[in-house]
Undergrad: 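The structure that follows is given in the form of structure tokens.
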Amino acid sequence: MMMLALVGLTSCEKAVLDEDTPKTSKDAQQGTQDEDSTTAKVTLRLRVNLSRAGEDALPWKILQFEIFNKSDKSVAHIIQNEGDDEYGTASVQLTPGTYKVSVLAHSLMGEPQFDSPTRVDIFSKNDFSDVFFSYSVITVESAAQEHEITLQRATALVRFHTKDVVPDEVKSFRFFYSGGSSTLNLGDGLGIGSANQTLTFNVTDSMRGKPLSVDLYTFKVSKNETINLTVNAYKTTLEATPIVQYMPAKEYVIPIKHGEISDCTTTFFSDADDTEIDTGGSKVEKDGATSFKIKVDTAWAGINYYNL
């Protein structure tokens, strides 16, 4: 299967605080922000629940902690990579008050950018992964305190399979889809605004002569129940000029659900009759040879199966 989750951050835990505040090395490690040097600070300890039923390994590599004050000003920014000391636990020194705490878990190459405590730009071209989140408002009082963070899955996943194998002549692919979002609302876990999303890759030796499997991540937008997917196969690699089509592009309309997998199977490279219907599901449509069923899963909220 084509794996999209790549780890790009390699530094140990780091904390980036208010740019206007001088930082010592100790401050940077603890995530301290001196909003008021005359007020005693207390420790806020955030501990992510790293146990997940039905999953043998954590479905993320990177944890990102963002803390904002009541004016939505960032006061702590902490990145942890799998393998770091105390991975999953972040401690910051804060003056008593009310804070907004946003936590992301992902395996992206780039770092998601927060526009506000609840709005974050996450996906970019060729940089997709499963994403988990938490958002809470915490009141820091005069004594040290610890909060456990339970993360929720934010993504919708389209798992695209071909029944036929990748021909030797195919050198690269482009998956272009719209209807989902690259921006996440941490308030409800849904996407903000529709976005055009693109995944491209060259064919490796291990892919040739085998059916193709690709994972396409997005955030579901409340008003959209489907994504529009266009798949291109090329005779040339992505670096070639010009890029030459192997065959005409194929287009699909695929239902998506928040926190669920749309598992899609199609005959792609040939014009063979693709009329197989899976009668084990809860919904069967002859038109378009589409089958549908939901299987409850302990890791994902559900898996929806489609023959395209």
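Atoms considered below: every heavy atom in the structure, side chains included; atoms not considered: hydrogens, waters and symmetry mates. Residue numbers start at 1 and run along the sequence shown.
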Undergrad: For a 4.5 angstrom cut-off between non-hydrogen side-chain atoms, does I78 reach V92?
TA: yes
Undergrad: Is the shortest heavy-atom distance from the side chain of I192 to the side chain of R119 under 4.5 Å?
TA: yes
Undergrad: Quick one: closest heavy-atom pair of H258 and A154, and the distance?
TA: CD2-O, 3.4 Å
Undergrad: State yes or no: do I149 and L58 share one hydrophobic cluster built from I, L, V, M, F, W and Y residues joined by side-chain heavy-atom distances below 4.5 Å, directly or via other members?
TA: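 They do share one cluster, since a chain of ILVMFWY contacts under 4.5 Å joins I149 to L58.
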Undergrad: Answer yes when R159 and D215 have at least one side-chain N-carboxylate O distance shorter than 4.0 Å, and no when they do not.
TA: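 Looking at D215 together with R159, the answer is yes, because their closest N to O distance falls below 4.0 Å.
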Undergrad: Pairs under 3.5 angstrom only: tabulate donor-acceptor contacts from the side chains of residues 136-146 to other protein residues two or more places apart or in another chain.
TA:
{"from": "Q145", "atom 1": "OE1", "to": "E141", "atom 2": "N", "distance (Å)": "3.2"}
{"from": "Q145", "atom 1": "NE2", "to": "T139", "atom 2": "O", "distance (Å)": "3.3"}
{"from": "Q145", "atom 1": "NE2", "to": "H147", "atom 2": "NE2", "distance (Å)": "2.8"}
{"from": "E146", "atom 1": "OE1", "to": "R45", "atom 2": "NE", "distance (Å)": "3.3"}
{"from": "E146", "atom 1": "OE2", "to": "R47", "atom 2": "NE", "distance (Å)": "3.0"}

Undergrad: For the pair K220 and E225, find out whether any cationic side-chain nitrogen is under 4.0 Å from an anionic carboxylate oxygen.
TA: yes
Undergrad: Determine whether a donor-acceptor pair (N or O, by modelled atom type, separation under 3.5 Å) exists between the side chain of D164 and the backbone of F268.
TA: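 Confirmed, D164 side chain pairs with F268 backbone.
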Undergrad: Decide yes or no on side chain to side chain contact (heavy atoms under 4.5 Å, CB included) for L216 and F128, but give the supporting numbers first.
TA: CA-CA 8 Å; L216 304 170; F128 300 93; over 6 Å; no
Undergrad: So, applying side-chain contact (heavy atoms from CB on, under 4.5 Å) with L104, which one of F132, F114, W60 is it?
TA: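 Exactly one candidate clears the test, F114.
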Undergrad: Nearest 0.5 Å please: distance from the OG atom of S91 over to the CG atom of L46.
TA: 7.5 Å
Undergrad: May I ask you to test the Y234-M247 pair for a side-chain heavy-atom distance under 4.5 Å?
TA: no
Undergrad: Just checking, any donor-acceptor pair under 3.5 angstrom between side chains of T265 and H161?
TA: no
Undergrad: Carefully, step by step, assess D121 and D115 under the rule side chain to side chain contact (heavy atoms under 4.5 Å, CB included).
TA: CA-CA 8 Å; D121 297 322; D115 299 319; 3.1 Å; yes
Undergrad: Quick check: do I79 and I62 have side-chain heavy atoms less than 4.5 Å from each other?
TA: yes
Undergrad: Report yes or no: do T183 and S181 form a side-chain donor-acceptor pair below 3.5 Å?
TA: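 Judged by distance alone, the side chains do not pair up.
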Undergrad: To check you understand the geometry: which heavy-atom pair defines the closest contact between S134 and L186, and what is its length?
TA: O-CD2, 3.8 Å
Undergrad: So which heavy atom on T236 is nearest to which on S172, and how close?
TA: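 That would be O-OG, 2.6 Å.
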Undergrad: Quiz question: by atom type and distance under 3.5 Å, do the side chains of N224 and S194 form a donor-acceptor pair?
TA: yes
Undergrad: Which value, rounded to the nearest 0.5 Å, describes the distance between Q152 atom CD and D188 atom CG?
TA: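 So the gap between those two atoms works out to 10.0 Å.
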Undergrad: Give me the one residue out of V214, L238, L212, N232 that meets side-chain contact (heavy atoms from CB on, under 4.5 Å) with F173.
TA: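 Only one option passes, and that is L212.
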Undergrad: Start with the C-alpha gap between Q64 and H106, add the side-chain angles, then the distance that decides, and say whether side chain to side chain contact (heavy atoms under 4.5 Å, CB included) holds.
TA: CA-CA 8 Å; Q64 182 172 341; H106 58 85; 3.6 Å; yes
Undergrad: Within the 3.5 Å criterion, strictly below it, is a donor on T43 or Q93 matched to an acceptor on the partner's side chain?
TA: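 Checked: T43/Q93 side chains pair up, N/O donor to acceptor below 3.5 Å.
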Undergrad: Tell me whether K61 is salt-bridged to E82, with the criterion being a basic N under 4.0 Å from an acidic carboxylate O.
TA: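 Yes, charged N to carboxylate O under 4.0 Å.
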Undergrad: Compute whether any side-chain donor of one residue and acceptor of the other, for E111 and H77, lie under 3.5 angstrom apart.
TA: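 Side chains of E111 and H77: pair found under 3.5 Å.
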Undergrad: Which heavy atom of C264 sits nearest to which heavy atom of V158, and what is that distance?
TA: SG-CG1, 4.2 Å
Undergrad: Linking I/L/V/M/F/W/Y whenever any side-chain heavy atoms sit under 4.5 Å apart, do F123 and F201 land together?
TA: yes
Undergrad: Could you verify whether a donor N or O on one side chain and an acceptor N or O on the other, from D130 and T155, lie under 3.5 Å apart?
TA: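 Yes, because at least one side-chain N or O of D130 sits under 3.5 Å from a partner of the opposite role on T155.
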Undergrad: What I want to check is whether the side chains of T200 and N126 have a donor and an acceptor closer together than 3.5 Å.
TA: yes
Undergrad: Are F160 and F175 near enough that their ring centres are under 6.0 Å apart?
TA: yes
Undergrad: Less than 3.5 Å apart, any donor N or O on the side chain of Q197 or S182 sitting next to an acceptor on the other?
TA: yes
Undergrad: Is the closest side-chain heavy-atom distance between V103 and F133 below 4.5 Å?
TA: no
Undergrad: Quick one, V101 and F65 - any side-chain contact, counting heavy atoms below 4.5 Å?
TA: no
Undergrad: Atom CG of N49 and atom CG of L151: how far apart are they, to the nearest 0.5 Å?
TA: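 N49 CG to L151 CG: 8.0 Å, rounded to 0.5 Å.
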Undergrad: Taking C-beta and beyond as the side chain, do Y87 and Q80 meet within less than 4.5 Å on heavy atoms?
TA: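 Yes, their side chains come closer than 4.5 Å.
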Undergrad: With ring centroids as reference points, do Y177 and Y252 lie under 6.0 angstrom apart?
TA: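 No: the rings miss the under 6.0 Å criterion.
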Undergrad: Which heavy atom of F68 sits nearest to which heavy atom of S102, and what is that distance?
TA: CE1-OG, 4.1 Å
Undergrad: How far does NZ of K210 sit from OG1 of T162, to the nearest 0.5 angstrom?
TA: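 Reported value, rounded in 0.5 Å steps: 12.5 Å.
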Undergrad: Atom CD1 of I122 and atom OH of Y217: how far apart are they, to the nearest 0.5 Å?
TA: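 Interatomic distance, I122 CD1 to Y217 OH, rounded to 0.5 Å: 13.0 Å.
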Undergrad: Would you compute the distance between atom CD1 of I67 and atom NZ of K73 and round it to the nearest 0.5 angstrom?
TA: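 Here the interatomic distance stands at 14.5 Å.
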Undergrad: Which heavy atom of P255 sits nearest to which heavy atom of S262, and what is that distance?
TA: O-OG, 2.5 Å
Undergrad: Side chain of D127, backbone of S124: donor and acceptor closer than 3.5 Å?
TA: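 Checking the backbone N and O of S124 against the side chain of D127, no donor-acceptor pair under 3.5 Å is found.
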Undergrad: Passes side chain to side chain contact (heavy atoms under 4.5 Å, CB included), T230 versus N228? Steps please.
TA: CA-CA 7 Å; T230 301; N228 297 303; over 6 Å; no
Undergrad: Are side-chain heavy atoms of V221 and L190 found at a separation under 4.5 Å?
TA: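 In short, these two side chains do not touch, never coming nearer than 4.5 Å.
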Undergrad: Any idea how Y246 and F269 line up, ring-wise: parallel (<30°), tilted (30 to 60°), or perpendicular (>60°)?
TA: perpendicular
Undergrad: Going by side chain to side chain donor-acceptor pair (under 3.5 Å), name the residues that satisfy it together with K100, two or more places apart in sequence or in a different chain.
TA: D72
